[in-house]
Enquirer: 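My structure is below; once you've seen it, I'll send some questions.
One-based numbering along the sequence shown.
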Amino acid sequence: ANKLFSQRVIEVLNPEDDYIWIHDYHLLALPSFLRRRFNRLRIGFFLHSPFPSSELYRSLPVRDEILKSLLNCDLIGFHTFDYARHFLSCCSRMLGIEYQSKRGYIGLDYFGRTVGIKIMPVGINMTQLQTQIRLPDLEWRVAELRKQFDGKTVMLGVDDMDIFKGINLKVLAFEQMLRTHPKWQRKAVLVQIANPRGGGGKDLEEIQAEIDESCRRINAQFSRPGYVPVVIINRALSSVERMAYYTVAECVVVTAVRDGMNLTPYEYIVCRQGFPDLDGSGDDGPRRKSMLVVSEFIGCSPSLSGAIRVNPWNIDTTAEAMNESIALSENEKQLRHEKHYRYVSSHDVAYWSKSYIHDLERSCRDHFRRRCWGIGLGFGFRVVALDRNFKKLTVDSIVTDYKNSKSRVILLDYDGTLVPQTTINRTPNESVVKIMNALCDDKKNVVFIVSGRGRDSLEKWFSPCQDLGIAAEHGYFMRWTRDEQWQLNNQCSEFGWMQMAKPVMNLYTEATDGSYIETKESALVWHHQDADPGFGSSQAKEMLDHLESVLANEPVCVKSGQQIVEVKPQGVSKGFVAEKILSTLTENKRQADFVLCIGDDRSDEDMFEGIADIMRRSIVDPQTSLYACTVGQKPSKAKYYLDDTNDVLNMLEALADASEETDSQEDAEEITSIPDPE
């Protein structure tokens with residue numbers, strides 16, 4: 001069905017100019033079909049029903065496919081924050097994607113595209129409703145109903161005959177109200193309009209039987225001549241008939257146990273506002289006041305602050321709420337009505353659609369400024385969007401510059417760059433060690449491993465590499481060759497702050513199952529990648545605030561990273577390491593004219609940024625070939641990317657081969673330049 005929709009849309013679509021706005025859960029798969037055809041298409045989606053909590057949603061066999069299809073949109077709309085929160089929680093738990101909030105807008109970063117989240121309850125069509133209120137047919141219907149219920153207080157329910165609408169719970173609550181507040185016997189009437197649903201089924205038959213049984217029992221017990229407490233209308237009413245009931249009702253009761261927006265209360269408020277001379281009652285007539293008892297499980301509940309909210313499963317509290325709604329003073333009813341009417345009349349469907357379209361346009365602003373291409377098959381399809389200047393690093397281009405340079409600096413991250421992040425054994429294999437040695441053997445090269453790991457591990461792993469430089473713990477410890485002593489890159493030798501930070505981190509570790517503390521010589525790192533995603537992320541934010549306040553006067557910085565919180569001395573970063581290496585070479589009259597810097601995570605962004613700044617400050621040769629390269633196709637301060645660690649190793653191997661080739665050529669030139677003794 002979704003594919004047929006996509007084919008029809010594509011027939012009439014102008015992909016350069018048009019916006020696509022998709023509505024409701026029936027078309028959840030449509031964004032993937034459309035995005036697969038047009039990478040830059042501007043797509044919005046609005047879900048008119050609740051989004052289930054992650055506990056329920058994760059049991060779906062196609063859970064990932066639905067989420068990935070939705071993430072092919074540019075803007076996803078929900079009625080309430082609860083529904084949006086459930087969606088965001090599912091993205092976090094099932095896809096590992098965290099949302100960010102910037103200047104009031106919520107967004108998800110998905111392969112370089114920002115998918116916006118819009119929370120905006122839909123309104124009613126005020127123009128249409130006001131036109132219907134003016135129909136002459138309405139006036140005599142209202143008069144007829146007033147005559148029928150003369151002297152009675154009418155409570156109204158308008159629902160589809162559905163297992164989720166809680167009609168029987170409403171009837172039982174009304175019965176409880178008549179029992180506990182006998183003053184409403186012979187006075188209060190519950191009119192329940194039950195719109196018949198197409199089809200049937202055992203569940204529907206059972207709920208219909210329950211409602212009928214409850215109504216018979218209540219009417220048998222409380223009916224008197226001229227008084228029937230519960231009136232059930234089991235037929236579809238015209239809009240004018242329904243509006244006539246709204247106009248005479250003192251209170252509308254909605255007890256759905258789960259529902260989407262449910263605009264019944266909005267329509268009721270507008271009908272109660274009415275228009276002058278509708279029934280000759282003037283401005284102070286009963287149409288100027290209204291009361292609402294609404295289930296907390298419906299979408300419009302948060303918007304109606306003057307309504308009495310109930311948990312419909314609790315019969316007693318719902319009964320008390322029904323009593324309160326009709327027992328309140330006239331002035332209180334009027335004030336609540338005025339508050340609701342101001343909101344409903346200003347937040348109508350036109351306001352909702354304009355607001356959504358404005359945000360959709362804002363979300364799609366950068367579509368044609370970026371390079372986009374599709375990857376993946378079926379519902380795993382997604383579009384990668386990157387800056388136009390961001391491109392894949394090709395071996396041919398870098399090898400040419402490499403051969404033409406005389407002083408080279410190569411800075412390499414370790415985890416995620418030379419070895420995959422997913423591997424359990426992080427020891428470098430023989431080919432990595434061989435490539436490092438081949439690069440270091442070239443006298444034109446200065447090669448450094450720049451890692452957040454401790455110096456002991458790196459020293460042990462790269463012991464076969466005599467001329468390899470190592471910057472451990474983000475550069476706190478540094479040495480240029482295997483035989484040199486470790487240097488400290490920070491004057492801070494006082495680590496009293498660790499005694500302050502450790503107890504705080506222990507507190508969160510004990511409370512967060514799956515988390516642990518990594519103790520380095522210069523830093524403390526709290527890891528939560530194995531904890532519950534939602535709870536781990538929440539605890540990380542709390543810990544960040546806690547540590548910042550505890551360590552406010554200490555010479556350290558507290559940073560959050562990829563599923564970590566790290567405390568380290570101020571001024572220690574990979575960017576500082578890059579600057580120190582290049583500055584030292586310049587001081588030694590070996591100014592670099594080729595710089596290659598590769599990394600995969602947030603800490604490496606400091607290195608990319610630092611190298612760009614070094615170019616501006618003339619620490620390297622103005623003609624320097626600068627290659628800042630990230631691993632993976634993702635937004636970065638680097639200008640180049642390689643797909644994975646295999647790509648990195650293949651490229652480094654090509655550079656090592658180029659070095660050996662250059663050395664062979666130079667040796668050959670030296671041999672030919674030796675004069676013949678003959």
Enquirer: Using a 6.0 Å cut-off, check whether atom OH of Tyr99 has over 12 heavy atoms from anything other than its own residue.
Expert: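 Open: at most 12 neighbouring heavy atoms sit under 6.0 Å from OH of Tyr99.
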Enquirer: Parallel, tilted or perpendicular for Trp21 and His23, by the 30°/60° rule?
Expert: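 Geometry flag for His23 against Trp21: tilted rings.
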Enquirer: I need the minimum non-hydrogen distance between Ser69 and Leu30, along with the two atoms involved.
Expert: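 Where Ser69 meets Leu30 most closely, the heavy atoms are OG-N, 4.3 Å.
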Enquirer: Can you confirm whether the side chains of Thr80 and Asp82 place a donor and an acceptor under 3.5 Å from each other?
Expert: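 No, no side-chain donor-acceptor pair sits under 3.5 Å.
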Enquirer: Give a yes or no on whether the backbone of Glu16 and the side-chain of Arg42 come within a donor-acceptor separation of less than 3.5 Å.
Expert: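 Indeed, once roles are kept as given, a pair shorter than 3.5 Å links the two residues.
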Enquirer: Can you confirm whether Lys170 sits close enough to Leu190 that some side-chain heavy atom of one is under 4.5 Å from a side-chain heavy atom of the other?
Expert: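 Yes; the side chains approach each other to less than 4.5 Å.
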Enquirer: Checking salt bridge (Lys or Arg N to Asp or Glu O under 4.0 Å) for the pair Arg216/Glu213: CA distance, chi angles, key distance, verdict?
Expert: CA-CA 5 Å; Arg216 274 196 297 272; Glu213 171 56 31; 3.5 Å; yes
Enquirer: To the nearest 0.5 Å, how far apart are CD in Glu98 and OG in Ser92?
Expert: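 Interatomic distance, Glu98 CD to Ser92 OG, rounded to 0.5 Å: 3.5 Å.
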Enquirer: Is the backbone of Ser238 close enough, under 3.5 Å, to the side chain of Glu241 for a donor and an acceptor to pair up by distance?
Expert: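 It does hold such a pair.
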Enquirer: Determine, stepwise, if the pair Leu75 / Val115 fulfils side-chain contact (heavy atoms from CB on, under 4.5 Å).
Expert: CA-CA 6 Å; Leu75 184 66; Val115 180; over 6 Å; no
Enquirer: If you compare all heavy atoms of Thr114 against all heavy atoms of Gly107, which two are closest, and at what distance to 0.1 Å?
Expert: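 Closest pair (atom of Thr114, atom of Gly107, distance): CG2-CA, 4.2 Å.
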Enquirer: Please check: side-chain N/O of His48 versus main-chain N/O of Met261, any donor-acceptor pairing under 3.5 Å?
Expert: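 Answer holds: no.
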Enquirer: From the options Gln334, Glu332, Glu330, select the one residue that forms a side chain to side chain donor-acceptor pair (under 3.5 Å) with Lys289.
Expert: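 Among Gln334, Glu332, Glu330, the one that satisfies the side chain to side chain donor-acceptor pair (under 3.5 Å) with Lys289 is Glu330.
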Enquirer: Is Asp74 paired with Arg35 through a side-chain N to carboxylate O contact shorter than 4.0 Å?
Expert: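 Yes, this pair counts.
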Enquirer: Could you check whether any side-chain heavy atom of Tyr343 comes within less than 4.5 Å of a side-chain heavy atom of Pro121, counting everything from C-beta outward?
Expert: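 Contact flag for Tyr343/Pro121 side chains = yes.
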Enquirer: Go through the steps for Ile207 and Leu204 under the test side-chain contact (heavy atoms from CB on, under 4.5 Å), then give the verdict.
Expert: CA-CA 5 Å; Ile207 200 74; Leu204 209 57; 4.2 Å; yes
Enquirer: Flag yes if more than 12 heavy atoms outside Arg186 fall under 6.0 Å of its CZ atom; otherwise flag no.
Expert: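 No, not enclosed.
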Enquirer: What distance separates Ile211 CD1 from Ile167 CD1, expressed to the nearest 0.5 Å?
Expert: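 Going from the CD1 atom of Ile211 to the CD1 atom of Ile167 covers 4.5 Å.
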Enquirer: Looking only at atom types and distance, does a side-chain atom of Trp140 sit under 3.5 Å from a main-chain N or O of Asp137, one as donor and one as acceptor?
Expert: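 It does hold such a pair.
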Enquirer: Can you find a heavy atom in the side chain of Tyr351 that is under 4.5 Å from one in the side chain of Tyr356?
Expert: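 Sidechains of Tyr356 and Tyr351: no contact.
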Enquirer: Does Arg179 make a cation-pi contact with Phe174, if we ask for NZ or CZ under 6.0 Å from the ring centre and within 45° of the axis?
Expert: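 Here Arg179 fails the 6.0 Å and 45° test against Phe174.
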Enquirer: Are the side chains of Pro533 and Arg93 in touch, meaning some heavy atoms are under 4.5 Å apart?
Expert: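 Yes. Closest side-chain heavy atoms under 4.5 Å.
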Enquirer: Which atoms form the tightest heavy-atom contact between Cys215 and Ile232, and what is the distance?
Expert: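 Smallest heavy-atom distance, with atoms named: SG-CG1, 3.4 Å.
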Enquirer: Run Arg141 and Glu144 through salt bridge (Lys or Arg N to Asp or Glu O under 4.0 Å) and show every step you take.
Expert: CA-CA 5 Å; Arg141 289 184 185 278; Glu144 206 171 71; 5.8 Å; no
Enquirer: Do Asn311 and Asn314 have a side chain donor and acceptor closer than 3.5 Å?
Expert: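 Looking only at side-chain atoms, Asn314 and Asn311 do not form any donor-acceptor pair under 3.5 Å.
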Enquirer: Please check if the side chain of Ser346 supplies one atom and the backbone of Arg342 the other of a donor-acceptor pair under 3.5 Å.
Expert: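 Yes; judged by distance alone, with no hydrogens or angles, the pair exists.
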Enquirer: Measuring from Lys187:NZ to Leu178:CG, what's the distance to the nearest 0.5 Å?
Expert: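 The CG atom of Leu178 is 12.5 Å from NZ of Lys187, to the nearest 0.5 Å.
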Enquirer: Nearest 0.5 angstrom please: Phe87 CZ to Ile66 CD1, how far?
Expert: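 One gets 11.0 Å once the value is rounded to the nearest 0.5 Å.
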Enquirer: Using modelled atom types only, decide if a donor and an acceptor are shared between the side chain of Ser59 and the backbone of Leu56 within a distance under 3.5 Å.
Expert: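 Yes, the answer is positive, given that a donor and an acceptor are paired below the 3.5 Å cut-off.
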Enquirer: What heavy-atom pair brings Val310 and Ala321 nearest, and what distance separates the two atoms?
Expert: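 For Val310 versus Ala321, the nearest heavy atoms are CG1-CB, 3.4 Å.
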Enquirer: Any donor-acceptor pair under 3.5 Å linking the side chain of Ser32 with the backbone of Ala29?
Expert: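 Not confirmed, Ser32 side chain does not pair with Ala29 backbone.
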Enquirer: Looking at side-chain heavy atoms only, is the closest gap between Gln176 and Thr180 below 4.5 Å?
Expert: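 With C-beta onward as the side chain, the pair touches.
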Enquirer: Under a 4.0 Å N-O cut-off, is there an ion pair linking Glu267 with Arg242?
Expert: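 The answer is yes: the pair qualifies as a salt bridge.
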Enquirer: Under the side-chain contact (heavy atoms from CB on, under 4.5 Å) rule, what do Asp162 and Asp259 come out as? Steps first, then yes or no, please.
Expert: CA-CA 10 Å; Asp162 189 314; Asp259 207 350; over 6 Å; no
Enquirer: How long is the gap from CG on Leu70 to OH on Tyr110, to the nearest 0.5 Å?
Expert: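 With rounding to 0.5 Å, CG (Leu70) is 10.5 Å from OH (Tyr110).
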Enquirer: Please check: side-chain N/O of Arg336 versus main-chain N/O of Met291, any donor-acceptor pairing under 3.5 Å?
Expert: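 No, the answer is negative, given that no donor and acceptor are paired below the 3.5 Å cut-off.
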Enquirer: Taking the side chain from Ser363 and the backbone from Asp359, do they hold a donor-acceptor pair closer than 3.5 Å?
Expert: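 Yes; judged by distance alone, with no hydrogens or angles, the pair exists.
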Enquirer: Within this structure, what is the CD-OH distance for the pair Gln185 and Tyr227, rounded to the nearest 0.5 Å?
Expert: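 Going from CD on Gln185 over to OH on Tyr227, the span is 7.0 Å.
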Enquirer: Scan Phe81, Tyr57, Phe45, Tyr83 and name whichever one has a ring pair (Phe, Tyr, Trp, His ring centres under 6.0 Å) with Phe51.
Expert: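 Output: one option passes, namely Tyr57.
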Enquirer: Spell out, as yes or no, whether a donor-acceptor pair under 3.5 Å connects the side chain of Lys165 to the backbone of Val254.
Expert: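 Answer holds: no.
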Enquirer: Nearest heavy-atom pair of Ile133 and Met243: which atoms, and what distance?
Expert: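 Heavy atoms only, the tightest pair is CG1-CE, 3.3 Å.
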Enquirer: Within a strict 4.5 Å, meaning less than it, do heavy atoms of the Asn72 and Ile43 side chains meet?
Expert: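 No - every pair of side-chain heavy atoms lies 4.5 Å or more apart.
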Enquirer: After noting the C-alpha distance and the side-chain angles of Trp352 and Phe46, does the key distance pass the ring-ring contact (aromatic ring centres under 6.0 Å, His included) rule?
Expert: CA-CA 11 Å; Trp352 169 77; Phe46 200 95; 5.0 Å; yes
Enquirer: Ile269 versus Tyr246: any side-chain heavy-atom pair under 4.5 Å?
Expert: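 When only atoms from C-beta onward are counted, Tyr246 and Ile269 do not touch, as no gap falls below 4.5 Å.
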Enquirer: Testing the 3.5 Å rule here: is there a donor-acceptor pair between the side chains of Ser305 and Lys339?
Expert: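 Yes.
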Enquirer: Show, in sequence, the C-alpha distance, side-chain angles and deciding distance for Val294 and Ile308, and conclude whether the side-chain contact (heavy atoms from CB on, under 4.5 Å) test is met.
Expert: CA-CA 6 Å; Val294 297; Ile308 302 172; over 6 Å; no
Enquirer: Any donor-acceptor pair under 3.5 Å linking the side-chain atoms of Glu250 with those of Thr153?
Expert: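 Distance-only check fails for Thr153 and Glu250.
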Enquirer: With side chains defined as the heavy atoms from C-beta onward, is the minimum distance between His340 and Leu292 less than 4.5 Å?
Expert: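 Yes, their side chains come closer than 4.5 Å.
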Enquirer: Is it true that Asp109 and Gln100 share a donor-acceptor pair across their side chains at a distance under 3.5 Å?
Expert: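 No.
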Enquirer: What closest approach, in Å, do Met94 and Ser54 show between heavy atoms, and which atom pair accounts for it?
Expert: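 Shortest heavy-atom contact: CE-O, 3.9 Å.
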Enquirer: Other residues, nucleotides and ligands only: do more than 12 of their heavy atoms fall within 6.0 Å of OH on Tyr19?
Expert: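 Correct, the count exceeds 12.
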